[in-house]
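Read through the structure below, which is laid out as structure tokens, and then see the notes.
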Protein chains: 2
Amino acid sequence: MDRFLPYINKHIQLTPTEEAILQANIKYKNYLKGQYIVQNDEICRCHSFIESGKVRTFYLDKNGNEHIVAFGIEEWWVGDIGSLITQSPADFNVQCLEKTQVVQIYYENLQRLYRDVPKIERVFRLIIQNAYVSAQKRIVRNFSLTARDRYLLLLEEYPAFVQRFPQYMIASYLGITKEFLSQIRNQLAKEAKS
Amino acid sequence: MDRFLPYINKHIQLTPTEEAILQANIKYKNYLKGQYIVQNDEICRCHSFIESGKVRTFYLDKNGNEHIVAFGIEEWWVGDIGSLITQSPADFNVQCLEKTQVVQIYYENLQRLYRDVPKIERVFRLIIQNAYVSAQKRIVRNFSLTARDRYLLLLEEYPAFVQRFPQYMIASYLGITKEFLSQIRNQLAKEAKS
DNA sequence: AAAGAAAAATAAGGTAGTTTAAGAAAAAAA
DNA sequence: TTTTTTTCTTAAACTACCTTATTTTTCTTT
């Protein structure tokens, strides 16, 4: 039940006092399968760290099609940062796909932490920096790789995702249809035999 | 020649002492048309703020094709953040497309500033946060919009780009060929008439 | 102003990925 | 166990976008 503090301590070293302030500004929460942590058009009030469980972050386009923009498993942060930082309606939905426990930092508490424990600003700069670098990688890959190569890369880099999320969600994350992913997998299986 | 300090002061308020420390940790530099601020496979040593001029950030895929991942004009930051933060070889190239003046903060100076002027950590958190939000928007759009709609959106949101950068670069930025963009524009022109 | 180079337009044929629809397999519920 | 629901597969027709090649226009340089 406590992955959170060890995670924070990977980035910075907190004094006992600072740790106490941090503890006072977080909340533990449990979600059931299917429940939403963030909902489209509502303001995202907190950023959530996954203690256990799994979630998907998705977006509904104007035709009502779902597009998965991120997965979340243990030790990942989820939320809609765009909505959080401007306290404006969210573009994304964050939905739990199984019973999920999270640690949440609410907007006001985060601002207070930035003020009272400046080291926290560093943690979040680092978190966002890494998120930004992966987002850019994703853009580049969607430009220059075929669906097949993107799938192979996902298998290599995040095998846990391919195991824990259903195929139609993997397809959506890769930006292709489930039918086409099925076709790719079929082809890869054939190649493996010969 | 001085857009930099006013830009910083939009985000935070510096005391005269802090401002002096900041000034001591930046460098002004001029580039000619065609010169590179960052080069693929070399370590990106600084982050650059554009005072005047224009640049493109691009990536060469394994077939040697260029893919533009970002444009930069006055008051934009450019560089390869992935390379900068880990001090590892850059994936991207940042090239000036005309005479360009920049303010640069070198890696070591940035670390020193984070330590000595903690407010600076806030500025960079904010810069990266915004960059991350736009990167995510871009991922979503590339998934759910057609090339035509992406072009229309670019025209609406950043008309300056469409005016200041040649069409084949705009096409590359949108993730399509120059021929296809030409076709789209042709079609839009026809529609405008009738 | 002319010459040369770079950028943009046009057109035809090709391919990666989509759509639709039907059926099979697997998982969840009863 | 059977039923119901969810997920995955297969295949054929279709579309958005690509490739290649040629021509025209615009920008640079002298």
Side-chain angles (χ1 to χ4, degrees), chain A residues 32-35 54 56 58 61-68 71 95-99 138-139 141-155 161-193, chain B residues 32-34 54 56 58 61-68 71 95-99 139 141-155 161-193:
Chain A
L32 298 176
K33 180 174 175 173
Q35 287 188 318
K54 68 183 184 204
R56 61 170 182 156
F58 69 98
D61 70 20
K62 56 186 178 201
N63 306 319
N65 301 315
E66 288 179 10
H67 300 274
I68 294 183
F71 292 122
Q95 186 187 28
C96 300
L97 299 175
E98 58 185 48
K99 198 159 159 293
R138 192 132 172 250
I139 291 173
R141 287 175 182 179
N142 287 343
F143 273 164
S144 55
L145 299 183
T146 62
R148 177 199 162 105
D149 287 347
R150 274 178 276 147
Y151 176 65
L152 288 172
L153 214 53
L154 183 68
L155 262 180
F161 287 174
V162 183
Q163 281 161 10
R164 290 183 66 183
F165 295 91
Q167 249 181 69
Y168 74 91
M169 289 191 191
I170 300 289
S172 173
Y173 177 82
L174 292 171
I176 59 176
T177 58
K178 59 187 197 304
E179 291 84 358
F180 191 47
L181 176 56
S182 184
Q183 197 175 307
I184 289 168
R185 283 167 51 91
N186 182 357
Q187 200 183 320
L188 289 172
K190 270 184 198 156
E191 285 174 24
K193 271 183 206 163
Chain B
L32 298 177
K33 180 174 175 175
K54 69 183 184 203
R56 62 172 182 154
F58 68 98
D61 70 21
K62 57 186 176 202
N63 305 320
N65 301 316
E66 288 179 10
H67 300 274
I68 294 184
F71 291 123
Q95 186 188 28
C96 300
L97 300 175
E98 58 187 47
K99 200 161 158 292
I139 291 174
R141 287 175 182 178
N142 287 343
F143 273 166
S144 55
L145 299 183
T146 62
R148 177 197 162 107
D149 287 347
R150 273 178 276 147
Y151 176 64
L152 287 172
L153 213 54
L154 183 69
L155 263 180
F161 286 175
V162 183
Q163 280 161 12
R164 289 183 66 183
F165 295 92
Q167 249 181 71
Y168 74 94
M169 290 191 189
I170 299 289
S172 173
Y173 177 82
L174 291 171
I176 58 177
T177 58
K178 59 188 194 306
E179 291 83 356
F180 191 46
L181 176 55
S182 184
Q183 196 175 309
I184 288 168
R185 284 168 51 91
N186 183 355
Q187 201 183 319
L188 289 172
K190 270 184 200 156
E191 286 174 23
K193 271 183 206 161

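Every chain is numbered from 1, with letters handed out A, B, ... down the list of sequences.
- Residue B:Gln167 has no polar side-chain atom (N or O) positioned under 4.0 Å from OP1 or OP2 of C:dA6.
- Under the 4.5 Å side-chain criterion, counting only non-hydrogen atoms from C-beta, B:Tyr168 is not in contact with B:Leu181.
- To the nearest angstrom, P of C:dG17 lies 14 Å from CG of B:Asn142.
- Of the residues near DNA chain D, A:Phe180 and B:Thr146, the one whose nearest nucleotide (by heavy atom distance) lies more toward the 5' end is A:Phe180.
- Residue B:Tyr168 contributes atom OH, which lies 4 Å from atom P of C:dA7 at whole-angstrom precision.
- Straight-line distance from the CZ atom of A:Arg185 to the C1' atom of C:dG17: 18 Å, rounded to whole Å.
- Across the protein-nucleic acid pair, A:Leu181 atom CG and D:dC8 atom C1' stand 10 Å apart, rounded to whole Å.
- With respect to B:Glu98, the salt bridge (Lys or Arg N to Asp or Glu O under 4.0 Å) criterion is satisfied by exactly one of B:Lys54, B:Lys33, B:Arg56: B:Lys54.
- Under a cutoff of 6.0 Å and an axis angle of 45°, A:Arg138 and A:Tyr173 form a cation-pi pair.
- The separation between B:Lys178 atom NZ and D:dA21 atom P is 12 Å, rounded to whole Å.
- Among the nucleotides D:dT7, D:dT9, C:dG17, the one closest to any side-chain atom of A:Pro166 is D:dT7.
- Comparing D:dC17, C:dA8, D:dT10 against the side chain of A:Ser182 picks out D:dT10 as the nearest.
- Where B:Gly175 and A:Glu179 each meet DNA chain D at their nearest nucleotide, the meeting point lying more 5' is that of A:Glu179.
- Residue A:Leu174 contributes atom CG, which lies 17 Å from atom P of C:dA16 at whole-angstrom precision.
- A straight line from CE of B:Met169 to P of D:dT26 spans 19 Å, rounded to a whole angstrom.
- Two residues are said to be in side-chain contact when any heavy atoms from C-beta on lie closer than 4.5 Å; A:Val162 and A:Tyr151 meet this criterion.
- Residue A:Ile184 contributes atom CD1, which lies 14 Å from atom P of D:dC8 at whole-angstrom precision.
- For the pair B:Asp149 and A:Lys62, the minimum side-chain heavy-atom distance is below 4.5 Å.
- Side-chain N/O atoms of A:Arg150 include none lying less than 4.0 angstrom from OP1 or OP2 on C:dA16.
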